[in-house]
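Note: hydrogens, waters and symmetry copies are ignored here, and every other heavy atom, side chains too, is used.
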Amino acid sequence: MEGASFGAGRAGGGFEPVEFLKQPQTILRIISWVFSIVVFGSLVNEGSINVDSPELYCVYNQNDDACNYAITIGVVAFFASICFFVVDIYFPQISSVKDRKKAVMIDIGFSAIWSFLWFVSFCFLADQWRKTSYDVPQGADAARAGIVFSFFSVFSWCASAVKAMQRYRLGTDMSLFAGDQFGSAPNAGYPGYPTGSGIESTTDTYQSPPFTENMDSSTKGYQVPSY
């Protein structure tokens, strides 16, 4: 089924990089990708410190679960942003409306779930940072960056879910599809009979049946024999 559907044009259309990069959805993908790099990159590089021992602990109240959770969410968001970015590039080339619908529904579900998980990450990291009772000479900036950009990621992924929902509601432009398939207006009438086919309707008055005049003339010329 080739037609405009779910916010994309006809299948097989040309790709315009400039117009693609100007789309709000593409901008949100890039922003979410950058935020994820900041979160997991900061915690991987400076998220572990040693407090009165050679062993390294998480900067968030020595709770390794906090660092591991934020790093995991960030890494998955990093790869997911790349995958959705690639899908957005090839989305206009998908000719099947069902496949487009599946892609948009996956986008809605994943974006909504990751928006919630980023909110959990923000609350978890902020709470553990609040409970940190010792001085953190190194890693404090990384800890704050993880909290702040986890908070920003909530809105970027939530906005992506909203944009995907708008694309889903847009659905399929059935008017273009119907025009392509049938090639005529839906209310066009049936064609009339061709001229000279012998089926034309007539409004002439009733005419006498054939052979009536011949019968009258033959009756006038006939004489009754006499006996």
Side-chain angles (χ1 to χ4, degrees), residues 1-45 69-122 125 142 145-183:
M1 184 181 294
E2 297 184 359
S5 62
F6 296 100
R10 299 175 181 273
F15 176 71
E16 298 181 0
V18 177
E19 295 297 328
F20 174 75
L21 293 175
K22 290 181 180 179
Q23 295 179 2
Q25 186 171 353
T26 304
I27 297 174
L28 290 172
R29 304 288 192 207
I30 298 175
I31 292 175
S32 300
W33 179 70
V34 173
F35 288 172
S36 65
I37 293 177
V38 174
V39 173
F40 80 81
S42 300
L43 297 181
V44 168
N45 293 329
Y69 178 84
I71 292 173
T72 302
I73 297 300
V75 170
V76 175
F78 171 80
F79 288 107
S81 298
I82 296 176
C83 292
F84 284 122
F85 188 87
V86 174
V87 170
D88 291 340
I89 293 176
Y90 289 99
F91 191 82
Q93 308 300 325
I94 302 175
S95 59
S96 174
V97 175
K98 292 183 179 180
D99 293 339
R100 289 189 177 189
K101 183 178 180 181
K102 291 179 181 178
V104 174
M105 292 181 66
I106 292 173
D107 189 3
I108 295 172
F110 187 90
S111 299
I113 292 173
W114 239 249
S115 178
F116 172 75
L117 294 180
W118 276 122
F119 179 74
V120 175
S121 176
F122 165 72
L125 298 183
I147 296 173
V148 172
F149 285 94
S150 292
F151 180 74
F152 291 161
S153 297
V154 175
F155 296 98
S156 65
W157 284 95
C158 183
S160 298
V162 172
K163 293 298 297 181
M165 181 63 69
Q166 291 177 353
R167 295 172 66 184
Y168 181 80
R169 290 181 177 178
L170 186 61
T172 307
D173 189 352
M174 295 304 297
S175 61
L176 290 178
F177 171 69
D180 292 340
Q181 294 294 323
F182 301 105

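Screening Ile37, Leu43, Val38 for a side chain to side chain contact (heavy atoms under 4.5 Å, CB included) with Phe40, the sole residue that qualifies is Ile37.
With values rounded to the nearest 0.5 angstrom, Met165 atom CE is found 10.5 Å from Ser111 atom OG. Atom CD1 of Ile30 sits about 11.5 Å away from atom CD1 of Ile82, to the nearest 0.5 Å. Distance OG1/Thr26 to NZ/Lys163: 10.0 Å, rounded to 0.5 Å. Interatomic distance, OG of Ser121 versus CZ of Phe149, reported as 13.0 Å (0.5 Å rounding). The structure places OG of Ser160 at 10.5 Å from CZ of Phe110, a figure rounded to the nearest 0.5 Å. Note that CG of Asp99 and CD of Gln93 are 13.5 Å apart. Values are rounded to the nearest 0.5 Å.
Note: Trp157 and Phe84 have perpendicular aromatic rings, judged against thresholds of 30 and 60 degrees for the angle between ring planes.
The main-chain N or O of Cys83 is never found under 3.5 Å from a side-chain atom of Arg29 such that the two would form a donor-acceptor pair. Using modelled atom types, one side-chain atom of Ser115 and one backbone atom of Val154 make a donor-acceptor pair closer than 3.5 Å. The main-chain N or O of Gly146 is found under 3.5 Å from a side-chain atom of Ser150 such that the two form a donor-acceptor pair. A distance-only check finds no donor-acceptor pair linking the side chain of Ser153 to the backbone of Phe35 [under 3.5 Å].
Between Ser156 and Leu28, the shortest heavy-atom distance links the atoms O-CD2, 4.2 Å. Taking all atoms of both residues into account, the shortest heavy-atom contact from Leu21 to Phe85 is CD2-CZ, 4.4 Å.
For Phe122, the ring pair (Phe, Tyr, Trp, His ring centres under 6.0 Å) partners at least two apart in sequence or on another chain are Phe151. Annotation: ring pair (Phe, Tyr, Trp, His ring centres under 6.0 Å) contacts of Phe119 (sequence neighbours excluded): none.
The existence of a salt bridge linking Asp88 and Arg167 is confirmed by a sub-4.0 Å separation between a basic side-chain nitrogen and an acidic carboxylate oxygen.
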Name every donor-acceptor pair, under 3.5 Å, that has one atom in a side chain of residues 70-77 and the other anywhere in the protein, sequence neighbours excluded.
| unit_1 | atom_1 | unit_2 | atom_2 | d |
| --- | --- | --- | --- | --- |
| Thr72 | OG1 | Asn68 | O | 2.7 |

